[in-house]
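Notes for the one structure printed next.
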Amino acid sequence: MDKREHFDLYYQMVLIRLVEEEAARLYQQGKIGGFLHLYIGQEAVSTGLISVRKPQDRVITAYRDHGVAINCGISSKEVMAELLGKATGASRGKGGSMHIADVEKNFWGGHAIVGAHLPIAAGMALGDQYQKNDNVTICMFGDGATNIGYFHEALNLSKVWNLPVLWVCENNQYGMGTSVDRASAVLDIHQKAEGYQIPNSRVDGMNVLTVREAGLQALEHVRSGKGPYFLEIVTYRFRGHSMGDPERYRQSEEVKKWQENDPIGIYRKYLVEQKIGTAEELDRLEEKVKAEVEEAIEFAESSPEPAPEDLFKHVYYEA
Amino acid sequence: MDKREHFDLYYQMVLIRLVEEEAARLYQQGKIGGFLHLYIGQEAVSTGLISVRKPQDRVITAYRDHGVAINCGISSKEVMAELLGKATGASRGKGGSMHIADVEKNFWGGHAIVGAHLPIAAGMALGDQYQKNDNVTICMFGDGATNIGYFHEALNLSKVWNLPVLWVCENNQYGMGTSVDRASAVLDIHQKAEGYQIPNSRVDGMNVLTVREAGLQALEHVRSGKGPYFLEIVTYRFRGHSMGDPERYRQSEEVKKWQENDPIGIYRKYLVEQKIGTAEELDRLEEKVKAEVEEAIEFAESSPEPAPEDLFKHVYYEA
Amino acid sequence: MARITMREAISQALWEEMEADQNVFILGEEVGVWGGTYAVTKGFYDHFGPERVRDTPIAEAVIVGSAIGAALTGLRPVAELMTINFAYSAMEHIVNEAAKLHYMFGGQMVLPLVIRAVGGGGRQLGATHSQTPDVIFAHFPGLKVVAPGTPEDAKGLLKESIRSNDPVLFIEHATLYQVRDEVPDSNYTVPIGKSKIQRQGQDATIVTYSKMLEISLKAADQLVEEGIEVEIVDLRSLRPLDMEPVLESFKKTNRAVIVEEGWRSYGIGAEVAARIYEEAFDYVDAPIRRVAQKEVPLPYNRTLEQMALPQVEDVVKAVKEVL
Amino acid sequence: MARITMREAISQALWEEMEADQNVFILGEEVGVWGGTYAVTKGFYDHFGPERVRDTPIAEAVIVGSAIGAALTGLRPVAELMTINFAYSAMEHIVNEAAKLHYMFGGQMVLPLVIRAVGGGGRQLGATHSQTPDVIFAHFPGLKVVAPGTPEDAKGLLKESIRSNDPVLFIEHATLYQVRDEVPDSNYTVPIGKSKIQRQGQDATIVTYSKMLEISLKAADQLVEEGIEVEIVDLRSLRPLDMEPVLESFKKTNRAVIVEEGWRSYGIGAEVAARIYEEAFDYVDAPIRRVAQKEVPLPYNRTLEQMALPQVEDVVKAVKEVL
Ligand SMILES: Cc1ncc(C[n+]2csc(CCOP(=O)(O)OP(=O)(O)O)c2C)c(N)n1
Ligand SMILES: Cc1ncc(C[n+]2csc(CCOP(=O)(O)OP(=O)(O)O)c2C)c(N)n1
Ligand SMILES: [Mg+2]
Ligand SMILES: [Mg+2]
């Protein structure tokens with residue numbers, strides 16, 4: 001990895017962080033509605049993972065999707081605009097925070113029903129296998145999603161049909177207020193892959209380079225035709241499940257402990273220590289990100305609402 | 001086991017066999033309608049297993065339920081009458097072959113949607129746990145049922161809540177026309193239990209005594225409060241999936257090979273060799289069974305149809 | 001008479017029934033430690049303990065399926081689906097198991113079971129999280145479907161549902177939890193399958209339920225200013241459906257508007273209209289009108305979403321059309 | 001014109017579309033080696049191979065879910081649900097994913113997807129296996145629901161469905177597979193969302209579809225003997241619902257009977273009746289009648305089951321009531 005690549009990863013993580021901090025503010029102001037699930041604390045996971053996907057690899061995730069969207073190349077403008085429900089948003093203002101997508105960028109959303117996107121991911125992998133290309137579908141989901149039937153049906157089928165899909169469990173240790181041990185028969189989520197004889201591993205999700213390395217190997221495995229692979233990435237959600245979470249289910253000490261493990265802080269320290277970049281350079285980068293986010297908000301706020309007739313568009317396909 | 005117990009097991013297996021051979025005949029005559037799934041070849045599984053359950057243990061299975069029903073103590077009369085849709089049938093003629101039950105005998109059916117009864121079984125086990133008794137729920141299902149989401153949700157919950165349920169997979173190696181290897185990620189079905197860290201084992205289902213022994217240990221494990229146990233019992237279906245199965249999916253050689261392993265033949269040989277009973281005694285027993293089955297048919301055919309007003313009964317509870 | 005919110009009414013019903021009957025227990029996602037995502041079961045976990053207030057994995061099929069099994073053993077489970085949008089993930093167990101087991105086995109199996117689910121749009125949750133699919137559940141015989149519109153009915157109907165020996169789908173509306181109204185102090189219940197006149201009038205009959213009762217009452221207030229007095233019949237239960245009060249009112253007003261939040265086609269209004277024509281044909285003075293959701297998946301954008309949902313003005317307009 | 005069965009018609013439609021377009025493939029339980037439990041795909045596995053005729057595990061959610069995913073990549077999957085009773089196990093993916101993805105993401109995602117499912121009662125399969133729940137799927141905008149009643153329509157509509165870029169639920173009826181009728185030899189298609197007059201008459205209009213078309217035609221034959229000529233409109237598609245031919249016919253006959261196999265409450269007939277009253281109120285000479293299934297889970301016993309299902313006599317009786 002050269003300096004440019006390192007800086008790009010750092011840039012993406014900071015961008016996700018600032019976009020979401022601003023989103024939280026805009027939500028409080030009532031400019032963003034519905035549910036807003038922040039990715040803050042988990043930035044290293046999708047940033048590291050998506051950084052090693054090829055453009056033709058498909059990515060699909062759950063509703064906690066702002067970070068993944070940005071990593072997939074959706075501009076902060078389009079993300080912000082979607083959060084504000086504008087016509088210029090990634091999903092034209094129809095999807096909102098939970099349903100951001102840009103199929104041109106091979107990002108297939110943003111899905112709000114827990115686990116329901118796993119069968120769809122298996123199907124996209126089937127589509128690529130059928131068309132005999134070497135694309136990989138990367139499907140991300142939470143620890144809580146591994147307890148629903150859709151997970152089981154999708155993983156089983158992916159093994160039976162040897163589908164080119166990379167299953168990525170972002171284990172942030174809670175499904176809303178329910179800790180893994182209260183919802184899952186196994187604590188090490190990747191153990192579930194044993195029930196399907198799908199090769200699997202577990203890695204630290206707070207270090208972007210660790211994730212990147214693991215992603216590289218996992219993608220290689222899948223791309224080489226060896227079938228599905230299951231990657232458990234251990235991380236932590238610094239904020240509530242969504243806005244307005246009373247957080248009765250965890251101690252603030254626990255949260256603090258993890259915040260000391262801030263993936264952005266860890267990476268920044270690494271970059272400076274390894275002399276890949278100076279503190280000043282990184283500060284300048286952060287300033288640039290601040291400016292970009294302000295622009296994005298500017299863009300989103302000044303963007304037009306969808307036209308009334310859009311209400312009836314896209315119910316069915318129109319040539 | 002004393003002679004009486006041995007003879008009782010033998011009696012049950014022969015009774016199931018003859019009841020079903022007669023049922024097949026009545027089906028051809030159009031006296032039985034709907035679907036008819038024969039248990040022929042698998043008699044040792046439920047006979048051995050149910051022989052070691054306590055009366056307070058609950059039993060629930062899928063639509064291939066004639067054998068289990070008889071083992072649970074439902075008379076051949078009530079089974080036959082249900083197959084003929086008579087008011088005297090176990091389910092008053094409303095359920096038919098796939099929906100035989102007698103809750104007095106703690107047999108909870110007879111369920112026709114693949115895998116859907118597993119969550120219900122988990123709930124019955126929850127009910128007993130809640131009521132602090134030491135009942136066990138025995139839930140039987142096929143190999144094909146282990147690929148549906150209901151299986152996953154039920155097994156996971158049973159482990160998380162440490163429910164007193166014995167999961168029994170009757171692996172007869174096909175789900176309709178689909179062999180295990182074409183539908184399941186793992187060939188040894190009990191391997192799936194590893195994904196939930198549920199203790200498990202696999203036994204031969206053609207030898208009634210082997211099954212009985214395995215059932216005894218498994219029930220002991222569950223009853224002692226150690227939580228769910230998963231038992232895979234390997235068996236084979238001698239007949240088609242249901243009546244009118246073209247059986248394109250398997251070679252007649254394969255079927256023949258297994259038929260040489262007839263669980264009734266194996267047991268009879270054992271009883272004679274071990275001098276537990278003479279061939280003559282067993283022949284006499286079989287004669288008695290023949291007579292019983294004729295009586296059962298007699299009873300079923302002469303029984304009344306449900307009254308027209310029964311159509312509207314039982315839609316909702318009536319005190 | 002205490003003035004309490006819908007949320008408090010539902011919470012009290014659960015609390016009182018759990019105090020009264022050890023066999024009543026709650027299971028669902030976040031009902032325990034969290035206190036319910038809509039705070040309906042706040043405080044229950046500490047008071048009744050983890051055995052009777054059970055947090056479940058995210059697995060709707062086994063939430064409903066295990067509730068069915070527990071009910072078969074004689075308990076009275078109250079299963080909570082965090083929202084009715086997740087009921088599709090438990091569809092098999094709601095409409096094919098709960099609704100049929102009692103009948104299919106000739107009455108042997110008894111299912112004293114309540115499935116609570118909150119639905120409704122209007123909060124910018126997007127297409128998958130904003131639905132009012134009540135009608136598809138009401139289509140199944142063997143299931144009882146209840147959807148109250150006032151705190152009094154919510155409390156009385158939920159208690160009745162918990163005491164009932166049939167599977168009941170109890171549908172709440174997310175934007176009604178704050179509604180405050182009078183509730184009797186007595187330990188009362190409200191019978192399932194009885195519609196109720198919520199407002200007297202003689203010019204036209206509005207048939208509605210749940211959230212749309214609130215909208216209809218607002219419309220009624222506007223119409224008064226124009227001298228129009230509508231009578232409002234609240235169905236309260238969708239199955240069994242009680243048409244008596246509807247027909248009585250209609251025979252008096254000879255005009256009706258049916259207001260529902262869900263999609264218009266194959267909705268609640270179609271059945272109610274068809275029944276009125278079948279059973280009060282000679283009393284019809286004008287075509288019955290239906291006010292319902294536009295036939296689109298609900299969009300996130302607030303303006304578009306509100307365009308799709310039935311508004312007070314739509315009801316006012318429809319009433320004037322039937323006059 | 002060749003005389004072929006409904007089964008052959010559906011089989012031919014699949015075969016021809018697979019021959020014409022490499023992107024079309026089939027997946028489902030027993031569609032391959034077995035040849036389809038209703039023999040619809042007999043011979044397909046040997047001819048098109050395991051890649052294009054895919055036997056799946058028993059896992060309806062991933063059958064439909066993976067078909068959705070494959071469709072998103074540009075393929076045209078035809079997912080078979082062995083029976084529509086198992087569609088509840090795929091409910092989330094049918095009504096919440098397939099029906100909404102195109103809209104929710106602002107038109108970005110295109111789903112050229114067909115879900116075939118056979119339904120219907122009358123074969124003593126018991127409550128869980130005998131349903132006609134068509135209406136609950138037709139309630140969802142974004143989904144197209146087709147249910148042909150003749151071999152000609154079945155073949156043409158299935159081909160149209162496969163070529164369509166929208167998700168289509170294609171509902172077949174198990175007791176119609178043997179029905180034999182004329183089918184054009186040309187490579188024709190039948191448009192989705194167009195009702196059709198299947199019999200001319202002037203005394204009353206029967207609105208029906210699928211299996212009930214057969215029942216209605218038989219009733220029509222009986223009525224002729226009493227000098228009554230009914231016109232029969234076959235809906236063919238439940239969503240989009242084409243009321244034009246229905247209204248045209250009704251404006252001529254001023255009398256209507258709607259015949260459906262499913263349960264009466266919140267059924268297809270309710271919507272059709274409501275629409276007729278809304279759009280042809282001044283033409284109504286008699287209350288519109290609905291013939292439908294009795295509101296019970298279907299029992300196994302043959303006599304009881306037939307009592308619950310709509311019979312020719314029920315249709316004849318209803319027609320006489322509206323005259
Ligand atoms: C089928 C379904 N059930 C319940 C919900 C409500 N819900 C939304 S997010 C969530 C928790 C998911 O936890 P996890 O999978 O660990 O993802 P995380 O939020 O931790 O990223 C729940 C229960 C839902 N969206 N879908
Ligand atoms: C959810 C569901 N899908 C499909 C079916 C149709 N079906 C009935 S039995 C069966 C095969 C089940 O195989 P298995 O679980 O191995 O049991 P076996 O018949 O071998 O005893 C299928 C696919 C069904 N009843 N339910
Ligand atoms: Mg989580
Ligand atoms: Mg099997």
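Chain letters run A, B, ... following the sequence lines, proteins first, then strands; residues in each count from 1.
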When Tyr300(D), Tyr88(D), Phe86(D) are compared by non-hydrogen pairs under 4.5 Å with chain B, the top option: Tyr300(D)
Proximity breakdown for Ala116(B) and chain D, heavy-atom pairs closer than 4.5 Å: neither
Basic-acidic side-chain contact under 4.0 Å: Glu321(D), Lys317(D): yes
Electrostatic pair Glu97(D):Lys100(D) at N-O distance under 4.0 angstrom: no
Region of Ser89(D) in contact with chain B, defined by heavy-atom distances below 4.5 Å: both
Electrostatic pair Glu301(B):Lys31(B) at N-O distance under 4.0 angstrom: yes
Chain D contact via Met176(B) - which portion, at a heavy-atom distance below 4.5 Å: both
When Ile32(B), Thr146(B), Val315(B), Asp245(B) are compared by non-hydrogen pairs under 4.5 Å with chain D, the top option: Asp245(B)
Contact origin within Phe151(B) toward chain D - heavy atom pairs under 4.5 Å: neither
Aromatic ring proximity Phe48(D)/Trp15(D), centre distance under 6.0 Å: yes
Under 4.5 Å from any heavy atom of chain D - which part of Leu83(B): backbone
Toward chain B, the part of Ala61(D) with a non-hydrogen atom under 4.5 Å: neither
Proximity breakdown for Leu84(B) and chain D, heavy-atom pairs closer than 4.5 Å: backbone
Lys257(B) and Glu254(B) ion-paired at < 4.0 Å: no
Toward chain D, the part of His241(B) with a non-hydrogen atom under 4.5 Å: side chain
Mutual orientation of the aromatic rings belonging to Tyr174(B) and Tyr236(B) [parallel < 30°, tilted 30-60°, perpendicular > 60°]: perpendicular
Chain B contact via Glu295(D) - side chain, backbone, both or neither, heavy atoms under 4.5 Å: backbone
Distance-minimising heavy-atom pair for His47(D) and Glu19(D): NE2-OE2, 2.6 Å
Pair Arg202(B) + Asp188(B), salt bridge at N-O below 4.0 Å: yes
